[in-house]
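Here's the structure we're looking at; comments come further down.
No experiment lies behind these values; they were computed from the predicted model shown.
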Amino acid sequence: MYRPLLRTRCQLIADSFCKSKFHKHERRNVANKLELSRTLTTTMGYEFLGHKEESISKATQMQIVDALCRGERSRASHLLLNLGHAHHSLGADDFFHILNYCARSPDPLFVMETWRMMEEKEIGLNNKCYLLMMQALCKGGYLEEASNLIYFLGERYGIYPILPVYNSFLGACAKLHSMVHANLCLDLMDSRMVGKNEVTYTELLKLAVWQKNLSAVHEIWGDYIKHYSLSIFSLRKFIWSFTRLRDLKSAYETLQHMVALAMMGKLYINRTSEGRLRSSRLDIPIPLNGRLSSLKVEFGENDHAVALRTDTSVRNNEQCVISNVGISEAESVKIGMINKFKALPVMKVLRWSFSDVIHACGRTQNSGLAEQLMLQMQSLGLQPSSHTYDGFIRAIVSDRGLSNGMEVLKIMQQNNLKPQDSTIATLSVECSKALELDLAEALLDQISRCTNPKPFSAFLAACDTMDKPERAIKIFAKMRQKLRPDIRTYELLFSLFGNVNAPYEEGNMFSQVDSAKRINAIEMDMARNNIQHSHISMKNLLKALGAEGMIRELIQYFCDSKTPLGTPTYNTVLHSLVEAQESHRAMEIFKQMKTSGIPPNAATYNIMIDCCSIIRCFKSASALVSMMVRDGFYPQTMTYTALIKILLDYGDFDEALNLLDLVSLEGIPHDVLLYNTILKKACEKGRIDVIEFIIEQMHQNKVQPDPSTCHFVFSGYVNCGFHNAAMEALQVLSMRMLCEEVSTLEEKRSDFEDLILAEDLEAESRILQFCEDSNENLAFTAALLQLRWCTIVGFPISWSLDRASGLEDSQT
């Protein structure tokens with residue numbers, strides 16, 4: 001672990017690397033003091049092969065290691081001093097076991113203490129100890145000190161590290177995401193003409209992936225094939241890099257190179273004594289034999305049909321083709337050749353790489369290629385693992401939907417493969433998106449260990465959409481047993497529980513007290529989990545207060561908020577103030593928004609234009625429209641609706657209808673809210689002529705009425721005493737709510753008549769059930785019920801959609 005509190009002490013010791021001098025440095029060449037052990041470095045990490053006699057100080061070293069293991073650092077330091085004083089002819093190997101322990105722990109501070117003592121005793125380093133010191137510093141996070149060690153020992157004392165030292169440093173840079181130190185190391189390698197081996201390329205790939213630099217990965221690929229022939233492990237590392245950077249085409253092509261090598265029998269893999277896989281070939285640069293294009297996979301016009309073309313002089317130009325139709329005879333020969341390798345480690349590496357590419361398909365929503373890869377695995381005799389299926393299901397559900405994902409889950413169960421927790425979480429999220437709460441909850445219960453709150457948040461979002469807070473409470477309780485909530489969880493909790501009665505009824509004194517208690521409880525839980533408000537959680541909180549009519553609390557939260565407030569939050573506050581008829585406060589907040597440099601958007605201007613209807617000031621609304629246009633936002637249907645509403649408050653129907661004509665001339669689409677705004681005022685003023693004109697306009701523009709339309713029209717006729725016209729208008733509008741096309745209405749007429757004309761007591765219940773099963777909206781349900789009520793009061797049903805034009809003849 002990196003210990004910042006000890007950084008000052010560490011820096012002082014590190015400075016000794018640069019500032020201290022050996023005794024009699026001027027009269028002696030340091031290079032002559034170095035004991036160079038006869039070692040042979042290989043490509044397998046940082047192993048050193050060779051034999052050396054056991055150090056005579058091994059017992060003392062083991063005592064020091066034992067003290068460090070027990071945490072007795074002062075005793076370890078004392079023993080280290082004794083080691084230095086007890087023996088006068090010490091070498092680097094007399095500190096090997098100490099440095100080896102420090103490299104594994106890691107313990108960079110004791111490494112520097114050991115080096116300091118070695119420096120005082122004029123004990124030179126060998127390559128083994130040099131590497132161990134570097135590993136300890138790098139693993140401990142002391143990159144600056146490690147960089148100084150590499151640089152100054154070489155520049156001042158002529159001690160130049162071997163390649164594994166540089167690789168260890170580059171690996172630490174990749175792990176700690178330090179591109180500055182990595183660049184310094186690469187520059188130093190170039191200046192000292194240090195080459196690269198396969199480990200170097202691996203560390204460079206990690207750095208490029210961390211930087212999300214795809215072009216760098218391709219450059220590393222080009223440099224690699226200039227010096228090395230392709231191997232299974234190198235291809236796997238490049239596949240990993242391409243998949244992390246979502247270069248699916250390159251990842252797939254590289255995977256096919258790997259498959260081709262397996263088919264040709266170029267397998268250099270064995271197991272270590274610990275059971276780990278490693279390459280069995282020596283790390284000797286051998287350029288690629290022949291052109292790279294001889295092992296190439298080409299994409300045709302259809303990415304789902306993939307051709308694998310293997311053309312190499314080594315195998316007599318054999319060809320094989322894998323397609324989505326089947327496996328050719330040539331491929332069968334290849335499969336027969338690879339069958340003898342099924343029990344070998346290469347098949348495990350192949351499966352890892354297939355899984356990497358399939359997971360990349362999931363991230364890029366390419367279900368077609370994922371399915372093709374699964375078929376290729378089957379043809380190669382590779383059994384997909386649970387991890388492979390995890391990526392496959394991600395690809396399938398993102399592109400083809402939940403049902404296909406559940407089918408794959410059944411296949412896993414048939415093959416006795418236990419799905420990973422991440423697989424179940426993915427399916428649960430998709431169930432929540434589809435509002436399948438029962439299935440989503442059942443899947444959540446199957447997750448044994450959850451590290452990501454996303455599936456729970458998705459369920460809470462579904463509960464919010466379906467207005468089922470009682471289910472959300474149950475899931476939130478389960479969530480807290482498995483993991484800590486995140487800010488997204490609290491954003492949804494404010495939306496679910498912030499307001500009590502809305503949208504069903506207005507807030508009252510009792511609901512406001514409950515709402516305040518809920519908000520306080522959520523905020524206390526946020527504080528316990530050390531989570532601050534986000535702009536979304538604050539917006540949802542303010543929205544809940546506005547829905548409950550708690551304007552004073554809303555303003556207080558808004559003014560005291562330490563969260564940066566953006567345009568959406570300001571819009572929420574402005575909308576709540578306008579709904580509460582707090583026009584003056586809304587104007588103050590709008591001015592504050594402008595002076596604070598928060599840019600208004602189209603919704604902001606529409607809210608403020610609607611605010612002008614409260615104060616009945618068309619001039620102010622026109623000024624806002626001008627500001628809106630200057631800021632690059634053009635008036636839309638909502639804007640014209642607010643302007644027409646102001647004109648109607650003046651009783652100026654003529655100007656309102658002229659503005660409606662302007663909407664048509666501008667090519668702006670009409671909506672039912674625009675027409676209902678006019679119908680509402682016409683109903684209040686008894687303007688039957690305006691009502692009939694608007695009904696005809698709606699029919700011509702194919703805008704379907706809603707229950708509010710029926711209410712305003714029906715009430716307008718009844719208030720004027722035209723009861724027959726009211727019933728006929730209700731029937732015509734109900735028919736148009738069901739369907740705007742006569743042919744479609746006639747096709748469904750028999751089904752509708754069975755529901756409307758039924759005489760049993762369960763008729764209304766069947767209508768509700770019919771609409772629920774058909775996934776119809778509220779307007780459709782209301783239309784059927786309205787038609788049934790017309791028959792109940794004795795008015796015969798007419799299935800015409802065009803009788804509204806003759807309504808004036810029925811005004812009796």
Side-chain angles (χ1 to χ4, degrees), residues 41-47 163-164 166-168 170-171 174 182 186 189 194-210 213-245 247-272 276-297 308 310 312 314 338 341 344-357 359-360 380 382:
T41 60
T42 69
T43 61
M44 286 75 77
Y46 313 113
E47 294 186 46
L163 182 56
Y166 292 103
N167 289 341
S168 178
L170 288 174
L186 292 173
M189 291 175 68
V194 179
K196 301 180 182 70
N197 63 8
E198 294 197 65
V199 177
T200 315
Y201 287 110
T202 298
E203 304 305 340
L204 292 177
L205 283 174
K206 293 177 182 178
L207 286 165
V209 170
W210 167 68
N213 192 340
L214 181 59
S215 61
V217 174
H218 283 284
E219 289 178 9
I220 295 169
W221 167 266
D223 189 59
Y224 176 84
I225 61 177
K226 289 180 182 178
H227 301 92
Y228 286 93
S229 60
L230 297 172
S231 68
I232 295 293
F233 274 102
S234 62
L235 287 171
R236 164 158 170 72
K237 292 163 187 173
F238 278 103
I239 289 171
W240 174 85
S241 303
F242 288 133
T243 56
R244 291 304 183 276
L245 298 179
D247 185 357
L248 199 55
K249 184 175 184 297
S250 298
Y252 181 83
E253 290 178 351
T254 310
L255 176 64
Q256 299 311 313
H257 293 319
M258 180 184 285
V259 173
L261 283 176
M263 290 178 179
M264 292 185 294
K266 293 188 174 182
L267 309 172
Y268 303 99
I269 301 178
N270 58 23
R271 292 184 182 273
T272 64
R276 300 177 60 183
L277 300 181
R278 69 176 182 182
S279 176
S280 59
R281 74 177 189 181
L282 293 177
D283 190 354
I284 301 175
I286 303 175
L288 183 66
N289 183 18
R291 293 179 298 111
L292 182 62
S293 58
S294 64
L295 292 173
K296 182 179 179 182
V297 178
L308 169 63
T310 306
T312 173
V314 180
I338 205 172
F341 302 121
L344 296 181
V346 65
M347 304 306 287
K348 190 172 186 179
V349 180
L350 275 175
R351 186 169 64 185
W352 289 343
S353 294
F354 269 96
S355 297
D356 284 341
V357 182
H359 271 269
L380 293 172
L382 297 173

Could you tell me if the side chain of Tyr201 sits less than 4.5 Å from the side chain of Asp223, heavy atoms only?
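Answer yes - side chains close enough.
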Are Asn213 and Leu207 close enough that some pair of their side-chain heavy atoms sits under 4.5 Å apart?
no
Pair His218, Leu214 - check side chain to side chain contact (heavy atoms under 4.5 Å, CB included), show working.
CA-CA 6 Å; His218 283 284; Leu214 181 59; 3.7 Å; yes
Return a table of donor-acceptor pairs under 3.5 angstrom between the side chains of residues 238-245 and protein atoms on other chains or two or more places apart.
unit_1: Ser241; atom_1: OG; unit_2: Lys237; atom_2: O; d: 3.0
unit_1: Thr243; atom_1: OG1; unit_2: Ile239; atom_2: O; d: 3.1
unit_1: Thr243; atom_1: OG1; unit_2: Trp240; atom_2: O; d: 2.8

What distance do [X] atom [atom1] and [Y] atom [atom2] have between them, rounded to the nearest 0.5 Å?
| X | Y | atom1 | atom2 | value |
| --- | --- | --- | --- | --- |
| Leu380 | Phe354 | CG | CZ | 5.0 Å |
| Glu198 | Asn167 | CD | CG | 11.0 Å |
| Leu235 | Gln256 | CG | CD | 11.0 Å |
| Leu255 | Leu350 | CG | CG | 7.5 Å |

Minimal heavy-atom distance between Gly171 and Glu203, with the atoms involved, is CA-OE1, 3.1 Å
Does Asp356 have any salt bridge (charged side-chain N to carboxylate O under 4.0 Å, His left out) partners at least two apart in sequence or in another chain, and if so, which?
Arg236
Kindly write out the residues that satisfy salt bridge (charged side-chain N to carboxylate O under 4.0 Å, His left out) with Arg351, not counting sequence neighbours, or none if the list is empty.
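Partners of Arg351 under the salt bridge (charged side-chain N to carboxylate O under 4.0 Å, His left out) test: none.
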Identified side chain to side chain contact (heavy atoms under 4.5 Å, CB included) partner of Lys196 from the options Leu163, Leu204, Ile220:
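Exactly one candidate clears the test, Leu204.
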Regarding Tyr224 and Ser234, is there a side-chain donor-to-acceptor distance under 3.5 Å anywhere?
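Looking only at side-chain atoms, Ser234 and Tyr224 do form a donor-acceptor pair, the distance falling under 3.5 Å.
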